[in-house]
Structure formats: C-alpha cells, structure tokens
Amino acid sequence: MLQLNPQQRNAVTTTDRPLLVLAGAGSGKTRVITEKIAHLIEVREIPPRAIVAITFTNKAAREMRERIRGRLERNRARGLWVSTFHTFGLNFLRSELQASGLRGGFSVLDPSDCRQLLREITHRDGDPADTETLLGQISQWKNGLLAPERARAIATEPGEQHAARVYQRYEQALAAYNAVDFDDLIKRPVDMLSCEPQLRERWQNRIRHLLVDEYQDTNGAQYRLVQLLVGLNPGLTVVGDDDQSIYAWRGARPENLARLREDVPRLEIIKLEQNYRSTNRILAVANRLIANNPHLFEKRLWSALGEGEPIRVIRCTDAEAETARLVSELMRMRFRLRATWSDFAVLYRSNHQSRMFEKLLREQGIPYRLSGGQSFFERPEIRDLAAYLRLLVNPDDNPAFLRVINVPRREIGPSTLEKLGRHAHARGCSLLRAASGIGLAETLGARGQARLSRFADWAEEIRRQAADEAPERVLARLVEEIDYESWLLDNSPSPRAAGRRMDAVREFIDWVGRVSRTATGDSQALTLEDVVSRISLMDVLDRQRENSDEDAVQLLTLHTAKGLEFPHVFLVGFEEELLPHRVSLEEENVEEERRLAYVGLTRAQKTLTITWAAQRTRYGETTECLPSRFLDELPPEHLEWPDAKPPDPETQQLTARAHLAGLKAMLKSGT
DNA sequence: AATTATAACATTTTT
DNA sequence: TGTTATAATT
C-alpha cells in the first residue's frame, strides 16, 4: 500500500461507488486489483466469498491468485473467487443446475467439436456453406444474446436465413447432447439472471464486490453479465485501456468502457498514467503512434525511468537478412548488455513469421520459447482421452461417443453407426444409450448389435467404478483397458512419435492427478466431473510455469504478447500489408492494427528495435515490401537508423504511394 | 478401408 | 511455399 501512487491508492480505497480505472500500458493495473482485494478483505472486512475477480485468461487468473495469496496472510483469501469469465459461467451453471435446464455432468464442447457438429448439420443438407463463417455468425448471435428464433426473425438475406436455421438445429443438437459451447457459458447465465428475479437477487446479495480486468475486451454478453451480477450494488471495479483493444474482430467491444459512464450512476473514473515499465523514449514513440487513433478517453503516459536509448529502425533487404540481423543483434546485445536470453522477445504480427527465426535460432544453438502453436489439450491423444472422460461423466455426449467408438478399433463401421444414429433419433436418446438398448438386432444385424452393446456395457462398468475412485486412477485404468499404448504404436508415423504421444498421455494422467488434488478455494478434492470441465476450458494450472524458468528468447505474436513485458524487444516485419495487415486494410481496420503496433511498442522496458524487409517471399512468390505507414507516424527525433539509412526520399515516396493505393482500395470497397 | 493424388487455402485466437 | 481437406485410386 505504501508504494502506490496517489491515483492507484485512490482506486484501491474507493469502495463505496462503482469505479472505472483507465489504466495505460504498464501502469500497474494488476497491482491495483490485487491491492484492492487485499484492502477489501483486511480493512473493510468483506468476507472473501463475497468478492469476485474476473479476468480473461487462465494465466491472468492464476497470476492474480498467486499475488493475492502472497500478499495476504495465510488463509485470509479462502473462498475468494478469481476466475475467467468462462470458468465463472461454468461454476454458475453448475451451482444453479436446476434453473439452467441442463442435466448434471453436462459437457462443454470446444471449438473443434462445434465445428464438427456444424459440418454434420450442413452436410446432410447438401448446403455447402462455409463452416467457419457459420461458426462465426452463430458466435456473434450468441454474444449478442440472440436466441435462434429471434435470429430467424431478424435475418434478411438468404444466407443469413440459412445460418439462422443452422443455428436453431445446432442448439437442438447441443440440448440433446446435454452440452454447451463456450459462448453458452456466458449467454446462459445471462438468460437465467434476466428471466428470474429471485435468482438475480440472490446473486446480487452474494456478490458484494466484482472486479473485472481487461474490460475493453468484454463483449455484449459479458457486459450484460456484469450488469446483472452487480445490479445497483456500488461494489464494481473495472480496469481497462481502450488503446489496447485488439480483439474487436472477436466480438470485444471497447466502447463498453464509455458505455459504463452512461449506464452506471455515480461512476468514478480514475486514470493511471504513470508507467513503471518503459523509458520515456519508448513511451514518446508509443504515445505519438496512438495519437493517430480516435479516443474514448484522453490519457498521456509518462515515466520516471529516464530518457533511455533511441528506438532503432533497421531496413533489411529480405526476410532472410532480417532473420540473420536479428540473431546477430541478439548475440551482440546479450554480450554488450550482459543480458540473458530471456530478456529478449521477438514480436510479430502472424504466426508463420516465427518459422525462419526458429530455424536460425535452432541452428545457432540459441534457446527460444514459442508461444501459441498446438496446445497440450488440442493434441489428438489428449482429445481422445478427454472424450472418454466426457462420455463417462455425460452419457449423452454424442460427439465424445463418436470420437472414441473406434479408438481403439472396435469394428463398428459407418453404416452401423448410421443405423444406430437413426435408432437413437427415433427413440429420442443418445447414441450410447441407444447402443445399450435392445431391439437393434433387426435393423443392424447381430454382429453390429453385439459389438455396440459390448461397448456400452463396458462403458457402464467403468462408469460404475469411477464413482468411488480418484479421477487419476480412473484415467490410468482406462488407458490400460483400451490398451491405448498399442493403438498409438499402430497409428503413429514412427515409434518415436508414438513414444512422444505416450509421454503426453502420462503427463495428462499426472495433470489430472494434480488438478484433482489441488483444493481450489474452499472445496475438497475435485471430482471427475470438475476435472472434465476444466479440460474443456484449458485450465492449464501450473504447467506453464515450469517452462518459464528456462533462459530462452521468447517468440510471440503481438496478440499473445499483451500483458507481458521484456527488457529488450524486437518488433519484426514492420511492413505495409503485414503490420497493418492486408485483410485489415481491406476491411478498413487500420485503427485496430495501430493498437496492435502500440501494444508491441509498449512491451519494451529498455530497448526497442524495429525491423522490416524490403522484399519478402509470400506463398512462393517474391514481392516488394514497403515500410509500415506506422513508421511515418513515429517521432523521428527518437528514432535511429544504425545502417545510416535515414528516411531516404525514395522510400518516403514509395510509402506515400502505398498510402494512396490504400486510400483507393478503401474508396473502392467502402463506397 | 487405407493410402495417395489433387486442389484449394493461406490473420490475429484469451475461452 | 507449405498445409490440409477432399477425391480418387488401389
């Protein structure tokens, strides 16, 4: 509390009215939230179970939990809710099961399950509509809290009409499977709270303080959820920064910050403008860039950390030269500044840009860590086993059934499954239940019937045993019984690959054990049901941290870099059509790209290096590239061209031409 | 049923 | 240029 600046302290101690904290990059917003929670518990003596803190990522939630735990005396935080929006929604649904209309053990389908489901729905139609577009459209409707019937009523174009019909069938399928998707974890609680005053009252009484981080990333449904949970309660704290809104394309609505001003009476607004992260030169550059965007709120970051080094801008002839230059700079700077590898981060716009860097870093023996890529829970072997667990908890989960029915081979072919599907549909039950039922023999033939019922009986047996066993044991035995190791050996390109996949399986078993033993909050050991729901939400727990100790250069996309900071940052590929990305240019979304650049610049603590390539091979074709228009928006007095390449007239002319071309494209597509 | 040929495609991605 | 999904073939 002593080390807080006046604005921060003000934010912490304002507890009698709703509060909006506009927290610039690096202004210590996480500290404000954790200090405020500590203040609420210690000084105001609010019981922890009446405080809910919401973040967007599991990682952020984990960090916050740890910081609070370190800040408070032992057990003072017991009962405190710190979770993501989605985990909160999940817990809400599970504790209000009756009102939710779901049955116990309901499944949470991840996006790839949903995609699969949509494919099935549309394929039978013969309508070759783009699954990805449908997925996006449905998600948009859900985030706008529109039920399928309403969507159908509103839809005008034939394409929309079709999408709305698909939406309706998709919802029917989810209901039949006793399943929800990610968006439902927000939408359903909102629907419930809006419709049932008693329920609403109960929750509003229960939650006395709600704190929301990264508020600019909330979508319509999340905004509504916050409102319904808070009601007229003064205990609301939201923290955000409209300049760091980079998820608008996913439905985030940064204007939710401004909207609060109109919707919440007596709202107090506090700005955090002192930056504790970067040098003033870095901030000057970032401030100037973002000044080109319209603003919901004006703010100006400053820092007490001194002037710092000029920002270096390096022109490279092509992508290879850029890679080589980066690696040589890394080695030079590490030596000269006595830095460690982990002091460096390489930031880029899109994932594929990491390739070349990876290759060269590997060759040079420089350790690196790559963000993104395939996550643990997306690996096929983990998804297989997770599907088994889901089916144990929820026998109506047809997607899970279909995933595991022939893993390992059970000789149940597509035609048998087709018949089973029809039978299940006629009886109005799930595939697994239909498989165990009688009366299939006529339509199916005796062999198919026997195989199906053997599987169903086996599943039922495992399910019975799972009731009084630790989740870890259940999974371990399952892996044994289906002889998953042999299956992996048969279905992997090499024994080595099979070994790696089996390692992942063992790690998964360990993970299940760790998760179920970790008593979160005031609960005891977790049940299989708890564990299964955590898998879908990719609640990775302490997996991540093990890696972060190692000394490695970080390769990150600009999106994943948000919220992080590094002493030395390289921002690569600073080019037209790459940083203001081509698609964004076509969609006239330059502002979000500028915010993306802003996020990149403000990750740097001490030094910042921007590189761009004059030539790049794209999809096998070599094209000329121009420096990003954002480069022209940076104050030249803080920039340095180490290769004695100040903005030569030729380049500037080219840039100007590019802008003209962009303008023309905008005019063409817009009006 | 499994393997191979072909064509289409190609941002960002917290949950 | 690489990947990925579908089609075509064995």
Side-chain angles (χ1 to χ4, degrees), chain A residues 54-63 83-90 108-116 119 123 128 130-132 135-136 139 142-143 180-187 212-219 221-222 244-252 319 347-356 359 371-375 377-378 406 409 411-415 490-491 493 533-540 544 556-564 573 577-587 589 592-593 595-597 599-600 616-623:
Chain A
I54 292 187
T55 62
F56 271 83
T57 66
N58 289 312
K59 195 173 159 204
R62 198 160 51 235
E63 254 170 44
S83 67
T84 65
F85 264 108
H86 292 84
T87 305
F88 177 86
L90 179 74
V108 181
L109 301 194
D110 64 53
S112 68
D113 291 318
C114 299
R115 195 172 301 122
Q116 188 64 38
R119 249 200 290 266
H123 259 278
D130 187 9
T131 318
E132 218 54 41
L135 210 56
S139 179
K142 288 198 173 192
N143 289 331
V180 299
D181 62 21
F182 280 161
D183 295 326
D184 283 333
L185 294 174
I186 315 296
K187 180 178 176 285
V212 187
D213 195 10
E214 305 279 18
Y215 196 73
Q216 75 284 352
D217 291 338
T218 52
N219 61 34
Q222 286 159 342
Q244 293 186 68
S245 160
I246 55 175
Y247 285 104
W249 53 274
R250 263 192 96 162
L347 311 183
Y348 38 82
R349 173 68 232 260
S350 51
N351 269 315
H352 73 268
Q353 291 175 262
S354 70
R355 274 222 183 126
M356 293 241 257
K359 187 165 164 256
S371 86
Q374 202 187 24
S375 102
F377 292 100
E378 280 161 356
N406 278 312
R409 287 265 94 86
E411 298 178 292
I412 298 167
S415 71
D490 293 341
N491 288 280
S533 53
R534 263 152 215 275
I535 297 168
S536 306
L537 294 182
M538 302 199 281
D539 201 336
V540 196
Q544 222 97 6
L556 307 158
T557 65
L558 288 167
H559 285 90
T560 51
K562 191 170 93 161
L564 305 175
E577 310 223 308
L578 239 186
L579 188 36
H581 196 278
R582 181 132 133 246
V583 183
S584 295
L585 290 172
E586 279 158 18
E587 289 169 1
N589 262 349
E592 181 142 315
E593 297 288 310
R595 288 193 290 267
L596 215 37
V599 166
R616 208 174 272 276
T617 318
R618 283 251 232 158
Y619 312 140
E621 251 179 311
T622 307
T623 47

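Below, read A as the first sequence line, B as the second, and so on, with proteins coming before strands; counting in each chain starts at 1.
Look at A:N351 and you'll find a side-chain N or O under 4.0 angstrom from OP1 or OP2 of B:dT13. Proximity of A:N58 to the phosphate of B:dT14: no side-chain N or O atom is located under 4.0 Å from OP1 or OP2. For B:dT13, one of the phosphate oxygens OP1 or OP2 lies less than 4.0 angstrom from a side-chain nitrogen or oxygen of A:T557.
Comparing the C1' positions of B:dT12 and C:dA5 gives a spacing of 23 Å, expressed to the nearest Å. A distance of about 24 Å separates the C1' atoms of C:dT6 and B:dT11, rounded to the whole Å.
Remark: the backbone N or O of A:V108 is paired with a side-chain donor or acceptor of A:S536 at under 3.5 angstrom. Using modelled atom types, one side-chain atom of A:D181 and one backbone atom of A:D184 make a donor-acceptor pair closer than 3.5 Å. When atom types are taken as modelled, the side chain of A:N58 and the backbone of A:L537 share a donor-acceptor pair closer than 3.5 angstrom. A:N406 places a side-chain N or O within 3.5 Å of a backbone atom of A:I412 that can act as its donor or acceptor partner.
Taking atom CD on A:E593 and atom P on B:dT12, their separation rounds to 11 Å, with Å as the unit. The nearest whole Å value for the distance from the CD atom in A:E587 to the P atom in B:dT12 is 13 Å. Rounded to whole Å, atom P of B:dT15 lies 17 Å from atom CG of A:L135. At whole-Å resolution of the value, CD in A:E214 and P in B:dT13 are 16 Å apart. Rounded to whole Å, the distance from NE2 on A:H352 to C1' on B:dT12 is 12 Å. Put simply, CG on A:D490 is 11 Å from P on B:dT3, counting in whole angstrom units. Rounded to an integer number of Å, the gap from CG of A:L579 to P of B:dT12 is 13 Å. Rounded to an integer number of Å, the gap from A:L578 CG to B:dT12 P is 11 Å.
Of the candidates C:dG2, B:dT11, B:dT14, the closest approach to any side-chain atom of A:T57 belongs to B:dT14. Taking the side chain of A:Y619 as heavy atoms from C-beta on, and the options B:dT12, B:dT14, B:dT11, the nearest nucleotide is B:dT11. The side chain of A:R119 lies closest to C:dT6 when the candidates are C:dT6, B:dT14, B:dT11. Side chain of A:W249, nearest nucleotide from C:dT3, B:dT11, B:dT13: B:dT13. Among B:dT12, B:dT15, B:dT11, the nucleotide with an atom closest to any side-chain atom of A:L537 is B:dT15.
Projected onto DNA chain B by closest heavy-atom contact, A:R349 and A:L185 fall at different nucleotides, the more 5' of which corresponds to A:R349.
Residue side chain A:H581 meets the stacking definition with respect to B:dT11: its ring centre sits within less than 5.5 angstrom of the base's six-membered ring centre, and the planes differ by less than 30 degrees.
For the pair A:S350 and A:L578, the tightest heavy-atom approach, listed with the atom from each and the gap, is OG-CD2, 4.2 Å.
Across all strands, A:F85 comes closer than 4.0 Å to no nucleic acid atom at all (heavy-atom distances). Among the heavy atoms of the strands lying under 4.0 Å from A:D217 is at least one base atom, whether or not backbone atoms are also near. Nucleic acid contact for A:E577: none, since no nucleic acid atom lies under 4.0 Å from a heavy atom of the residue. Heavy atoms of A:T617 sit nowhere under 4.0 angstrom from any nucleic acid atom.
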Start with the C-alpha gap between A:R595 and A:E592, add the side-chain angles, then the distance that decides, and say whether salt bridge (Lys or Arg N to Asp or Glu O under 4.0 Å) holds.
CA-CA 5 Å; A:R595 288 193 290 267; A:E592 181 142 315; 3.3 Å; yes
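The base of B:dT15 is paired with the side chain of A:R250 by a donor and an acceptor separated by under 3.5 Å.
Because its glycosidic torsion is within 90° of 0, B:dT11 is reported here as syn.
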